[in-house]
Structures are given as C-alpha cells and as structure tokens.
Trainee: 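First, the structure itself, so that you have it in front of you.
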Amino acid sequence: QTQRESVSGRRFDRITNSIPLWLQLLMVLLLTWLLIEPRHVKPASTQQVAVILDSSASMTVFKEALKERLATKLPDLRGSASRLQLFLFESDPDKPTLYSGDKIEEAITAVEAWAPAAGAIDPTSALRLARSRVNREGILIYVTDTPVENLPFDAQVLAIGEAQPNCGFTGVSFDTEDGKLTWQAVIRNYSDEAITRKWQVQFADGSLSQTREVALTKGGMATIASAFPEGSDNLRVILDPDGFPLDDQLPLVRPVPKSLNLWSNTAPKFAEFNDRLSNSFPNVAFVNDSASADISLVSYDPLSPDPPAADSIVVVDETTQSRKYLRGGIVAKKHQRMDGLNWQSLLVRESIALELTQADEVLLWQGDRPLIALRETTVFDETTDADGKIITGKARPISQLILNFDPTLSNAFKLPATVVLLHRFCENLRDRKIAHESRNTETGQAITVSAHQGPDAKPLVFTTFGPDGKPSDEKIIPLERARDLRAPATPGFFAIRQGEEPLLTSGAYFADTREADLRLCASEDNVSSLAGQAVDLHTREDHLWRLWVLLILTALVFAWYFT
C-alpha cells in the first residue's frame with residue numbers, strides 16, 4: 001500500500017530526546033528559582049500589630065462594622081511572619097489594654113465587650129504608648145469613624161464611619177414657678193432635613209406619660225419642658241430611639257444642693273450686709289447657734305476678741321467716720337479666687353486693720369495696705385474624759401476670708417467683684433461640707449464629694465441603677481481614690497455613700513454635641529502591607545543558592561560537551 005505524505009507537514013513535532021535538551025531544561029528551572037529570590041519564613045518570627053480604637057462615643061454606632069473590618073483585615077497583617085502578636089488599645093491612655101495575644105477571635109470578642117463613651121480625644125498619647133509596645137517594624141493602626149491625616153509614629157488610618165442623621169438631648173436646666181420645680185430640656189437635630197420626634201416621661205414608679213411630638217428644623221433646636229412631679233425625686237425623659245442611643249434619654253433628679261448655715265456676730269451697721277448675703281446667695285440660711293453654723297460672719301474692732309477658729313468672713317468695724325480715702329495702686333494677686341475680678345474702682349477709707357500673720361495669703365493690696373486676705377489653718381478638736389485627759393483629737397481645716405477694711409466706709413458692696421469673691425468663698429465651703437446633695441451631671445464628668453477622713457473612716461460605695469430603678473452595679477472606692485471619681489459613661493442614675501451615710505444622688509446624661517453629630521463620618525483605608533524591612537526581619541534568604549549556581553554551570557558545561 002502506498003503511504004500518503006502530508007503536504008502541510010506535522011502540526012506537532014515530537015521533541016527529540018537528548019541529553020543537552022534535559023540539561024537545558026534543568027538550567028531554566030534553576031535560573032527561574034534564583035531569579036524569584038525565594039525567602040523562607042523564620043520559625044520564631046513574629047509580626048506585631050497594635051490597633052488603637054477611637055474611644056469617642058460616636059464609635060458605638062459603628063461597632064458591628066468595626067468587628068467585620070477587623071475580622072477580615074487582621075489575618076492579612078501577619079504577612080510573611082510565622083506568628084501574629086496583637087495589641088488592642090483605646091485612644092484614652094488612662095484606659096487599660098483591651099487585648100494582648102495572638103488569637104484574632106479573642107480580640108474580636110474583646111471588641112464586642114468594649115463600650116466607647118468618651119468625648120473627642122487626641123490619639124497622640126495613645127499612639128506613643130502603642131509604638132513603645134511594638135517594635136520599629138510593627139504595624140500601628142488607628143481605627144476611627146472620621147478620616148484623619150498626618151498621624152505621628154508612622155500610624156495608619158482605618159476609618160469605618162458613615163454619615164448618618166441623629167437627634168438627641170444636649171442640655172437641661174431647672175426653674176421654679178409658683179413654688180413648683182420645672183425642667184427644660186434642649187433637643188438638637190443633627191441632620192440636613194426637618195424631622196419630628198416623639199418623647200415621653202418615665203416616672204420613678206415606671207409609669208409613662210402621654211406621648212408628645214416636637215418638630216425640629218434642619219440643624220435646629222427645640223425646647224421641651226414640664227413640671228417635676230410632686231413627691232418624686234427622679235424621672236427619665238425618653239426620645240424615640242435612633243442609630244445613636246446615648247442622647248435619646250435624659251435621666252433627671254430633683255436638684256437639692258447642700259445648705260450653708262450662717263451665723264452672724266456683727267455690729268448693727270452690717271445688717272444690710274447680712275441681708276444681702278442671705279437673700280442673694282442660694283441655699284444660705286441664718287442660725288442662732290454658732291455650733292451648728294457652717295460659716296460665721298464676724299466684725300472686728302480693737303475691743304473685740306480675735307476672730308473665732310471657724311470658717312468665717314471677717315470684716316473690720318471702724319467707729320471713726322472722719323477718715324480719708326486710701327491712696328496707692330490696687331494690685332490683685334494671681335489666685336483662683338481673684339481670677340477675672342476687677343478691683344480698680346474700689347474706694348476704701350482709712351480704718352483700723354486686723355493684724356495678719358505670715359501664713360495669711362494677701363489677695364488684694366492698695367499701696368502697702370493689705371485689703372483682702374485668705375487665712376487657711378488647721379485646728380484640732382479634742383475630746384476629753386471626766387478627768388480632763390485627752391481621749392481623741394481630730395484635725396479640722398478652716399478658712400477665713402478677711403476684708404481688712406470697713407465695707408460700710410467703702411463702695412465694696414456696689415462692686416460685682418465683691419459679690420463674686422464672697423460667692424466663690426461660700427461655694428468652696430459648700431463643696432467641703434460633708435452632707436448629702438442631689439445634682440445632675442454629664443456622662444464621664446469628674447465628681448467631687450466630701451467624705452469623712454481618718455483611719456476609722458469607711459470607704460465610698462458607688463452604686464449605679466438600671467432602668468427599673470434597682471441597683472445594677474456596686475463598687476467599693478477607697479478614700480485615696482475619691483479624687484478620681486467620674487460619672488458613669490452611659491446615661492443613668494447613680495449614688496455615692498460612705499457607709500450608710502448618703503453623699504450624692506445624681507442622674508448622668510449625655511450632652512457632647514461633637515460626638516452626637518455624625519454628618520462628618522466617612523470611610524477610609526490606608527493600611528498598607530508590610531515594609532521591606534519587616535520582610536527581611538521575618539524571613540531568610542535561600543542558603544543553597546550557591547549550590548544552584550554550581551549546578552547551572554555544571555549543566556551548561558555538559559550540554560556543550562554533548563552538543
């Protein structure tokens with residue numbers, strides 16, 4: 001049979017099997033391996049990642065988005081390292097570390113329990129602390145809801161926010177009309193369109209008032225008001241819920257400040273001064289017993305004894321009327337009691353002067369005459385037995401504001417500076433008085449309470465209450481930490497007591513307008529991959545590259561030989 005020949009030839013030619021062919025293929029493979037520069041992961045290499053979470057209250061809106069982004073972003077940050085070491089911090093440097101470890105699932109769980117409630121915070125301090133915890137090649141990520149630029153310490157930004165409308169309470173005030181206490185709350189609309197919101201009052205027994213509506217214009221504010229129920233000490237004003245729940249409720253307590261008992265031992269010509277002090281200053285009541293007084297008003301003349309060792313306002317009683325006005329420049333000392341006060345229009349006649357001590361702090365001079373001084377000392381109240389033997393002794397600080405001139409022979413009562421100075425002095429004594437008070441505070445606000453001191457003094461008890469009015473949490477606060485007290489981070493009622501003695505009852509409400517405005521929130525992701533230095537740190541080069549070069553040369557020589 002005749003074998004037919006193809007005119008076009010074969011479509012696929014068989015490779016001719018030869019030793020040079022296989023040597024050349026070996027050289028191609030070895031050259032490819034060398035050109036890709038393979039690196040081997042070090043078995044003990046660790047990539048450190050520090051994530052700083054924005055502690056501002058607006059982050060509560062984006063917690064779900066935060067968990068999703070971290071769950072997808074964190075695994076890729078390990079890069080070429082064999083292990084990932086993860087740190088979670090808050091932007092508030094005073095807060096403890098949220099998480100430290102190598103489990104991404106545990107880090108996400110820590111984020112779920114995280115409750116951001118602070119105001120706007122500069123993250124610089126937190127970034128500095130985080131950078132000190134990771135090495136130079138570590139990754140530093142700042143997670144927020146609003147894009148920021150030019151972060152220090154080579155930090156990268158991961159913004160997860162989204163512009164959203166919001167409406168909530170921004171403040172509250174109280175007034176008394178016809179003997180009834182009324183409250184006025186301000187509601188603000190953080191959106192670019194007019195809205196209508198419903199609100200109602202939840203009373204102490206859990207009952208609700210009738211629902212009412214309030215209309216707000218684009219970016220506008222409105223005021224709602226109502227009377228405080230008789231016999232009720234607290235209530236809660238509630239708005240319809242929205243995406244930002246912190247400002248949708250307003251817990252309020254009936255304000256009951258501490259009362260100052262005033263005892264007067266002055267000459268008859270100071271009667272007008274006494275009346276002004278009791279009528280102009282709130283919650284100041286006259287008493288007839290100096291032992292029960294919180295503050296004494298004392299006039300001094302050469303025939304009277306020295307001022308009593310008690311908190312008091314001391315004035316000079318000048319009996320001579322034919323005195324000239326003092327001359328010389330008026331100079332006020334830089335002091336918190338004198339801050340912002342103008343004394344240049346003060347006119348004072350010459351009078352007798354109270355002898356001051358070196359420990360007295362002069363607040364106001366005219367020439368070389370001290371006009372106003374502050375005396376702060378400590379006295380010991382001793383308890384004796386029937387034989388006169390001292391049983392116990394207790395230190396007690398006292399403050400005395402000394403007007404080292406006769407106010408009736410001056411225009412001091414006509415100056416606003418005098419009224420403000422006396423008011424500041426009285427408020428300082430009110431803050432120092434150990435007694436119960438009720439006042440409304442903002443969330444996270446610093447709280448100051450006066451408590452008993454000494455080795456036998458009991459610690460403070462900080463109690464927060466739930467929406468049902470029952471205690472939800474109770475903490476024991478040592479006395480040395482009483483200066484660090486803060487209102488709860490979330491709206492609600494709380495109380496502070498020492499032993500069984502109540503010191504403070506309060507309602508905390510959210511009123512940070514910067515955090516409630518979500519219109520500037522946006523997303524941004526500039527988290528980059530590992531730098532070249534990190535790759536060099538976590539991997540090593542192929543230590544057999546010299547062997548591969550030798551094999552290439554050997555294959556080349558043999559290929560030439562067989563060719």
Side-chain angles (χ1 to χ4, degrees), residues 260 262-267 269-270 272-274 276-277 280-281 293-379 396-432:
L260 281 181
L262 176 64
W263 176 71
S264 178
N265 184 22
T266 60
K269 67 178 181 178
F270 293 101
E272 183 181 359
F273 180 34
N274 297 343
R276 286 187 179 184
L277 194 62
S280 301
F281 290 1
D294 300 312
I295 180 173
S296 302
L297 185 59
V298 182
S299 60
Y300 169 81
D301 61 61
L303 300 180
S304 64
D306 292 336
D311 297 324
S312 55
I313 299 175
V314 182
V315 296
V316 172
D317 181 13
E318 176 59 66
T319 58
T320 304
Q321 300 295 328
S322 57
R323 297 279 184 169
K324 299 180 180 180
Y325 284 105
L326 293 177
R327 296 179 178 273
I330 297 178
V331 179
K333 182 178 181 178
K334 188 176 181 180
H335 194 276
Q336 59 180 359
R337 306 280 177 86
M338 306 291 285
D339 187 25
L341 303 184
N342 184 5
W343 298 92
Q344 298 306 313
S345 57
L346 178 64
L347 297 176
V348 178
R349 293 183 182 272
E350 295 179 353
S351 63
I352 59 174
L354 182 65
E355 184 177 354
L356 302 179
T357 65
Q358 293 183 352
D360 296 337
E361 189 173 10
V362 179
L363 303 181
L364 188 68
W365 295 82
Q366 183 167 13
D368 57 354
R369 169 70 180 266
L371 295 182
I372 301 177
L374 182 64
R375 176 176 295 174
E376 294 184 338
T377 58
T378 301
V379 298
R396 175 172 57 90
I398 63 171
S399 297
Q400 293 179 330
L401 182 64
I402 301 173
L403 303 182
N404 203 18
F405 60 93
D406 192 331
T408 62
L409 301 179
S410 69
N411 63 344
F413 291 153
K414 299 180 180 180
L415 298 182
T418 306
V419 180
V420 175
L421 176 63
L422 295 176
H423 183 267
R424 289 175 178 176
F425 180 75
C426 293
E427 287 303 305
N428 180 262
L429 297 181
R430 192 193 307 275
D431 294 339
R432 204 174 67 190

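Note that the numbering runs from 1 along the sequence shown for the chain.
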Trainee: Looking at CG of L346 and CG of L364, how far apart are the two atoms once the value is rounded to the nearest 0.5 Å?
Mentor: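 The CG atom of L346 sits 6.5 Å away from the CG atom of L364.
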
Trainee: Is there a side-chain contact (heavy atoms from CB on, under 4.5 Å) between W343 and I372? Walk through the geometry before answering.
Mentor: CA-CA 11 Å; W343 298 92; I372 301 177; 3.7 Å; yes

Trainee: Can you tell me how far CZ of R337 sits from CG of L363, rounded to the nearest 0.5 angstrom?
Mentor: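 With rounding to 0.5 Å, CG (L363) is 8.0 Å from CZ (R337).
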
Trainee: Could you give the distance from CG (L326) to CG (L347), rounded to the nearest 0.5 Å?
Mentor: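 CG of L347 is found 10.0 Å from CG of L326.
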
Trainee: Taking D311 for its side chain and S399 for its backbone only, find out whether a donor-acceptor pair lies under 3.5 Å.
Mentor: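 Side chain of D311 to backbone of S399, a donor-acceptor pair under 3.5 Å: yes, one is there.
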
Trainee: Give the C-alpha distance, both sets of side-chain angles, the deciding distance and a yes or no for side-chain contact (heavy atoms from CB on, under 4.5 Å) between K333 and E361.
Mentor: CA-CA 9 Å; K333 182 178 181 178; E361 189 173 10; 2.9 Å; yes

Trainee: Please round to the nearest 0.5 Å and tell me the distance separating atom OG of S264 and atom CD1 of I313.
Mentor: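 These two atoms lie 10.0 Å from each other.
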
Trainee: Could you go step by step and tell me if N411 and V348 meet the side-chain contact (heavy atoms from CB on, under 4.5 Å) rule?
Mentor: CA-CA 7 Å; N411 63 344; V348 178; 5.7 Å; no

Trainee: Taking atom types as modelled, is there a side-chain donor on N274 or T266 under 3.5 Å from an acceptor on the other?
Mentor: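 N274 vs T266: donor-acceptor pair found between side chains.
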
Trainee: To the closest 0.5 Å, what do you measure between CZ (R349) and CG (D406)?
Mentor: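 Answer for the CZ-CG pair, R349 versus D406, is 10.5 Å.
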
Trainee: What distance separates T418 OG1 from H423 NE2, expressed to the nearest 0.5 Å?
Mentor: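 These two atoms lie 14.5 Å from each other.
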
Trainee: Report the C-alpha distance between E350 and Y325 in whole Å, list the side-chain angles of each, state the deciding distance to 0.1 Å, and finish with yes or no for side-chain contact (heavy atoms from CB on, under 4.5 Å).
Mentor: CA-CA 6 Å; E350 295 179 353; Y325 284 105; over 6 Å; no

Trainee: One thing to verify: whether D339 and R424 come together as a salt bridge, which I'm taking to mean a side-chain N less than 4.0 angstrom from a carboxylate O.
Mentor: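 So R424 does not pair with D339 through a salt bridge.
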
Trainee: Is it true that R430 and D294 have a side-chain N and a carboxylate O under 4.0 angstrom from each other?
Mentor: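 So R430 does not pair with D294 through a salt bridge.
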
